[in-house]
Structures are given as structure tokens and as C-alpha cells.
Protein chains: 2
Amino acid sequence: MRISELSRGSGVSLPTVKYYLREGLLPPGRAMGRNQAEYGDAHLRRLRLIRALIDVGNLSVAGVRQVLQAVDDAELPGHDLLGTAHEAVAGSPRADRSTSGWQAARAEAARIVADRGWLVHERAAALDQLADAIAALRELGQEDMLAMVDGYAEATERLAVQEVGLVLARGDRAAMVEGVVTGTVLGEAVLTALRRLAQEHTSAGLTEPG
Amino acid sequence: MRISELSRGSGVSLPTVKYYLREGLLPPGRAMGRNQAEYGDAHLRRLRLIRALIDVGNLSVAGVRQVLQAVDDAELPGHDLLGTAHEAVAGSPRADRSTSGWQAARAEAARIVADRGWLVHERAAALDQLADAIAALRELGQEDMLAMVDGYAEATERLAVQEVGLVLARGDRAAMVEGVVTGTVLGEAVLTALRRLAQEHTSAGLTEPG
DNA sequence: GGATAGTGGATAGTGATGCTATCCACTAGG
DNA sequence: CCTAGTGGATAGCATCACTATCCACTATCC
């Protein structure tokens with residue numbers, strides 16, 4: 001398979017394919033001569049994964065590279081891959097994390113997790129993100145929204161068992177690795193889309209007739 | 001309150017405050033002279049809301065403007081505000097929605113919602129986002145992940161009742177409007193952070209010891 | 001009343017990001 | 001041999017979210 005077929009087969013423009021090669025998102029093809037290289041099915045699948053992570057998962061090119069490096073690291077335990085995927089979707093923090101309000105929110109996040117008995121790395125990026133959100137809610141005087149935290153935690157805990165089980169049910173390592181990435185990133189897209197739909201349905205039912 | 005106090009009080013740099021004024025995110029202060037204007041507490045709260053939507057909610061400046069215009073529209077029913085908030089968080093679509101694969105995914109999204117008995121506008125942005133994710137999962141050969149859809153739908157349905165109830169419990173319209181926006185955007189941040197933490201906990205428990 | 005810090009308003013510049021375009025010497029395939 | 005296509009390099013572009021500078025002017029303090 002030549003580069004133009006790779007482009008046509010994936011719907012990604014040829015200059016963009018070259019760009020992904022340059023950026024190291026896509027491994028180089030097998031060189032067959034000074035200006036000829038051979039790409040395989042793996043390249044096509046990889047290219048589709050890249051597009052899904054960027055288009056649906058809203059990952060940056062840098063985030064995608066980070067994830068794919070972890071995917072390609074055969075040594076990395078599956079659990080660490082999950083952490084890497086979570087860091088990549090997190091992106092770089094935009095909130096100010098030096099204020100006392102944030103520190104308090106961060107402590108609150110740690111407490112929520114501890115109360116649940118969840119065992120997570122204390123430097124997990126998701127803890128910081130939870131703190132970002134809690135700090136923002138408090139600063140806006142919307143702390144009553146924090147009443148939802150219990151419900152969220154309970155729901156996500158139940159879902160996580162299913163999600164992790166689904167991935168572990170796959171036989172081989174390679175399939176599990178892909179499952180971690182797609183489950184994390186695309187699963188999140190599915191979940192938030194459904195959340196919005198559920199909200200719209202409920203809001204229509206509770207506000208319109210009354 | 002002068003513009004520099006507004007800047008200091010919110011932690012937003014003065015040039016950025018001016019930028020938000022230019023962009024119409026922040027309403028102009030009450031003019032007290034040719035080059036003097038008076039800002040109030042409402043400006044400070046608005047500025048904090050803007051930062052939360054951008055930093056935590058990952059909204060674009062255009063998205064924030066869209067949301068705030070809806071917030072300020074006293075005529076708009078609460079339910080339509082929810083739809084506007086959902087459109088703003090959606091951003092502009094990056095996936096290709098003209099393929100037959102996407103059309104099929106879109107039909108599947110509509111079917112999922114219909115099977116649940118959810119009543120949502122058939123042009124809801126969230127339906128397209130759900131289709132984006134479903135199409136991506138299928139294209140990647142990860143359709144077994146769609147087994148999670150039922151669990152997600154059930155969980156989000158239950159949560160939506162609590163969420164909408166929480167907002168409706170607020171007395172006045174203004175507080176409800178703010179609740180819709182923060183609940184949608186910041187609630188999503190809380191939910192996804194907790195999802196990641198739950199996944200890490202579950203993954204550690206199921207993969208490490210075995 | 002004079003110095004100074006700050007103001008609103010306008011315009012231009014910046015850095016990051018994600019491509020897109022062009023050029024090149026070269027070569028596979030008809 | 002001709003043409004379309006290749007890998008590789010470099011440069012350009014549009015968008016976004018600020019950031020910086022300049023201006024005439026004014027409130028305020030001494």
C-alpha cells in the first residue's frame with residue numbers, strides 16, 4: 001500500500017498523512033527504495049484511531065502521540081496505559097492551581113475518593129481535574145451542585161466495573177490495549193452525549209408540562 | 001469598582017478583561033465620564049463564570065458568548081437554555097458526517113434514544129455527538145464497547161432526574177439559569193473526573209493482584 | 001495646580017496549534 | 001521515455017486566545 005492509497009482509504013488528506021508521519025503519530029512505512037515505502041493494514045487502522053482520538057475524543061496531536069507511545073510500549077502494564085490515556089485527555093491545566101481555594105478543593109477531592117475507598121495514585125491527573133471543578137463550583141457559589149458528587153461516584157463506580165471487565169474479557173494484550181484507549185476516550189464521548197440527551201428528556205418532562 | 005479592581009479581584013489580567021469586554025462576554029460598565037466606567041459585583045461574578053467555562057468546561061470564547069447570550073435572554077425558556085448550553089459545549093463538529101457509516105450511526109443513536117422512550121429534539125447536537133462516537137467505535141472494530149451503552153443510558157437517566165431536580169429546587173429564575181449552565185458544564189467535568197478515578201481504582205483492583 | 005497613575009478605546013502583535021502548499025530529486029509503471 | 005506519484009524538506013496559512021502598545025484624557029493626591 002502506497003501513501004496515496006493510505007490517504008484515500010482513510011479519508012485523511014495526503015499532506016495530513018505526511019504531517020502525522022513527521023509528528024511521529026504514524027510509524028514510517030517499510031522503505032522499498034529511496035523514494036518508495038510500503039504501508040500495511042496496521043497503518044490504516046492506526047490512522048483511523050488517530051482521527052477518532054482527535055475528532056471524537058478532542059485530543060491534541062501531542063496527546064495522541066503520548067497515548068500512542070504508551071500503546072506501542074510493550075513493556076508498559078495495562079494499568080499504566082490507563083493512566084497515560086487519562087493524562088492525555090486531560091491536556092495541560094488551564095486553571096490556576098496555586099490559590100488556597102484550589103488547595104482546599106484538591107483536599108476535598110482526595111477526601112471524596114478516600115471516603116469511597118478508591119485506591120488511586122495520589123498524583124492522578126483526574127484528582128486535579130476534580131479539584132478544578134470543585135474549586136470553580138465553590139467560587140461561583142454553586143456548592144449545592146456538589147450534592148451530585150455521591151450520585152456521580154456511585155454511578156461511575158458501577159460503570160467502571162463493567163468497562164474494565166469488558167476490556168479484560170478480550171483475549172490478547174493488543175486488543176486490550178486498544179480497548180483501554182477507545183474505552184477511555186470514545187466511551188467518554190458516548191457517556192457525555194447520553195448525559196446530555198437524558199438531561200434534555202428529563203428537563204422537557206419536568207419543566208414543560210408544569 | 002474600576003476596571004483594574006475588576007482585574008485584581010478576579011485574577012484575570014487587565015488586557016484580558018478588556019478583551020472580554022470587546023468580545024461581548026462581559027457587559028460594559030456604567031459610563032461615568034469620557035474615560036471612566038463603573039463596574040459592579042455582577043461583573044465580577046460574570047467574569048468568574050467566564051473563566052470557569054473556559055478553564056474547566058473547555059468552552060471556546062465563542063461558546064461562552066453563546067451561553068451568556070442565552071443566560072441574559074430573559075424570554076428564553078429554561079429548557080431552551082439547556083439546549084444552547086449543550087450546543088456550546090459541543091463546539092463545531094470535526095468528524096465527517098457525510099459518510100454512510102455516520103448516517104447509520106446517527107440512525108442507531110436515534111434508535112437508542114427512542115428505545116429508552118426519551119423525548120428529545122431530533123436535531124439535538126448531542127444526537128450527532130453520540131453518532132460521532134458510535135461511528136468511530138464501529139470503524140475501529142470496537143463495537144463490543146457498545147455493550148456499555150445501556151449502562152450509560154440507565155445511569156445518566158437516573159442522574160438527570162437528580163440534576164434537573166436540583167436546579168428546579170432553586171427558587172428564582174436567575175439562580176436556575178446559572179444552575180443550568182454550571183450544572184451542564186462543570187457537572188460534566190466532575191462526572192468525567194470521577195469516571196476516570198473509578199476506572200483507575202477498578203483497574204488497579206482487577207489487574208494488579210491477578 | 002502640577003505630577004502621576006490609571007482609564008476607555010483602538011489597533012497591532014504574539015505564540016501555539018493543526019494543518020496545507022510547494023518544491024525537489026527521484027523512480028515505478030505503462 | 002514519459003508521466004504520475006513518492007519521500008523528504010521547508011514554508012505558508014488560518015484560527016484562536018490572548019497580550020502589548022499607544023492615545024488623549026481624567027481622577028486623585030500632594
Side-chain angles (χ1 to χ4, degrees), chain A residues 1-40 43 47 50-68 88-96, chain B residues 1-40 43 47 50-68 88-96:
Chain A
M1 194 186 266
R2 283 159 289 180
I3 197 172
S4 61
E5 297 175 73
L6 194 54
S7 165
R8 272 191 297 278
S10 63
V12 178
S13 80
L14 201 145
T16 301
V17 174
K18 284 184 166 187
Y19 168 65
Y20 291 158
L21 283 165
R22 279 202 305 280
E23 292 297 312
L25 302 193
L26 204 54
R30 212 155 45 87
M32 306 297 286
R34 187 168 293 280
N35 68 341
Q36 219 73 17
E38 179 71 11
Y39 302 91
H43 286 93
L47 201 40
I50 293 168
R51 292 310 311 186
L53 295 180
I54 290 176
D55 288 340
V56 183
N58 286 313
L59 291 221
S60 65
V61 166
V64 173
R65 181 168 41 228
Q66 203 176 321
V67 169
L68 293 181
V89 290
S92 48
R94 285 203 274 232
D96 181 3
Chain B
M1 193 187 266
R2 281 159 292 181
I3 197 172
S4 62
E5 299 177 70
L6 194 56
S7 164
R8 273 193 296 277
S10 63
V12 178
S13 80
L14 201 146
T16 301
V17 174
K18 284 184 166 189
Y19 168 65
Y20 291 159
L21 283 165
R22 280 203 303 280
E23 292 296 312
L25 303 193
L26 204 53
R30 213 156 42 88
M32 306 296 287
R34 187 167 293 282
N35 69 341
Q36 219 73 18
E38 180 70 11
Y39 301 91
H43 285 94
L47 202 39
I50 292 168
R51 293 311 311 186
L53 295 180
I54 289 176
D55 288 341
V56 183
N58 286 312
L59 290 220
S60 65
V61 167
V64 173
R65 181 169 40 227
Q66 203 176 321
V67 168
L68 294 181
V89 290
S92 47
R94 284 203 273 233
D96 181 2

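Model, not experiment: these values are computed from the prediction.
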Minimum heavy-atom separation for [X] and [Y], please, with both atom names.
X: A/Ala88; Y: A/Gly63; value: CB-O, 3.5 Å
X: B/Met1; Y: B/Leu6; value: SD-CD1, 3.9 Å
X: A/Leu25; Y: A/Val61; value: CD2-O, 3.6 Å

Find the distance between [atom1] ([X]) and [atom2] ([Y]) and round it off to the nearest 0.5 Å.
X: B/Thr16; Y: B/Arg51; atom1: OG1; atom2: CZ; value: 7.0 Å
X: B/Asp55; Y: A/Asp96; atom1: CG; atom2: CG; value: 9.0 Å
X: A/Leu59; Y: A/Gln66; atom1: CG; atom2: CD; value: 9.0 Å
X: B/Ser7; Y: B/Lys18; atom1: OG; atom2: NZ; value: 10.5 Å

Scan nucleotides 10-14 of chain D against the protein and return all N/O pairs shorter than 3.5 Å with their distances rounded to 0.1 Å.
none

For [X] and [N], what is the distance between atoms [atom1] and [atom2] respectively, to the nearest whole Å?
X: A/Ile50; N: C/dC19; atom1: CD1; atom2: P; value: 11 Å
X: A/Leu26; N: D/dG7; atom1: CG; atom2: P; value: 11 Å
X: A/Met1; N: D/dG5; atom1: CE; atom2: C1'; value: 16 Å
X: B/Leu47; N: D/dA17; atom1: CG; atom2: C1'; value: 15 Å
X: B/Gln66; N: D/dC16; atom1: CD; atom2: P; value: 13 Å
X: A/Glu23; N: C/dG18; atom1: CD; atom2: C1'; value: 9 Å
X: A/Leu53; N: C/dG18; atom1: CG; atom2: C1'; value: 16 Å
X: A/Asp96; N: D/dC18; atom1: CG; atom2: P; value: 14 Å

Do A/Arg2 and A/Glu5 sit within salt-bridge range, that is, some charged N less than 4.0 Å from a carboxylate O?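 Here A/Arg2 pairs with A/Glu5 in a salt bridge, since their nearest N and O are under 4.0 Å apart.
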
In the structure I gave you, are the side-chain heavy atoms of B/Leu21 and B/Tyr39 within less than 4.5 Å of one another anywhere?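 Sidechains of B/Tyr39 and B/Leu21: in contact.
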
Sub-4.5 Å side-chain heavy-atom contact between B/Val64 and B/Tyr20: no

For the backbone of A/Glu23 and the side chain of A/Arg65, can you confirm whether one donor and one acceptor N or O come within less than 3.5 Å of each other?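 Side chain of A/Arg65 to backbone of A/Glu23: a pair is present.
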
Pick the closest DNA chain C nucleotide for B/Arg94 and for B/Tyr39 by heavy atoms, then say which residue is nearer the 5' end.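 Final value for this comparison: B/Tyr39.
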
Could you give me the stems involving DNA chain D, meaning stretches of three or more consecutive Watson-Crick or G-U wobble pairs whose two defining distances are both below 3.5 Å? C:1-30 with D:1-30

Testing C/dT7, D/dG7, D/dC18 for proximity to the side chain of A/Lys18, the answer is D/dG7

Nearest of D/dC18, C/dT7, C/dG18 to any side-chain atom of B/Ile3? C/dT7

For a quick check of understanding: with a heavy-atom distance under 4.0 Å over all strands, which category does B/Arg51 fall into, base, sugar-phosphate or nothing?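 B/Arg51: backbone/sugar contact only, no base atoms under 4.0 Å.
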
Would you mind classifying the nucleic acid contact of B/Leu21 as base, sugar-phosphate or nothing, using non-hydrogen atoms under 4.0 angstrom? nothing

Please compare A/Arg8 and B/Pro15 by the position of their nearest nucleotide in DNA chain D and report the one closer to 5'.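 By nearest-heavy-atom nucleotide position, the 5'-most residue is A/Arg8.
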
Of A/Glu5 and B/Val61, whose nearest nucleotide on DNA chain D comes first from the 5' end?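 Looking at DNA chain D, the more 5' nearest nucleotide goes with A/Glu5.
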
Between [N] and [X], is there an OP1 or OP2 to side-chain N/O distance shorter than 4.0 Å?
X: B/Thr16; N: D/dA17; value: no
X: A/Ser4; N: D/dT6; value: yes
X: B/Tyr20; N: D/dC18; value: yes

Treating primed atoms plus P, OP1 and OP2 as sugar-phosphate and everything else as base, which nucleotides of nucleotides 24-30 of chain D get B, S or - for protein heavy atoms under 4.0 Å? -BS----

More than 12 heavy atoms of other residues, nucleotides or ligands under 6.0 Å from CZ of A/Arg30: is that the case? no

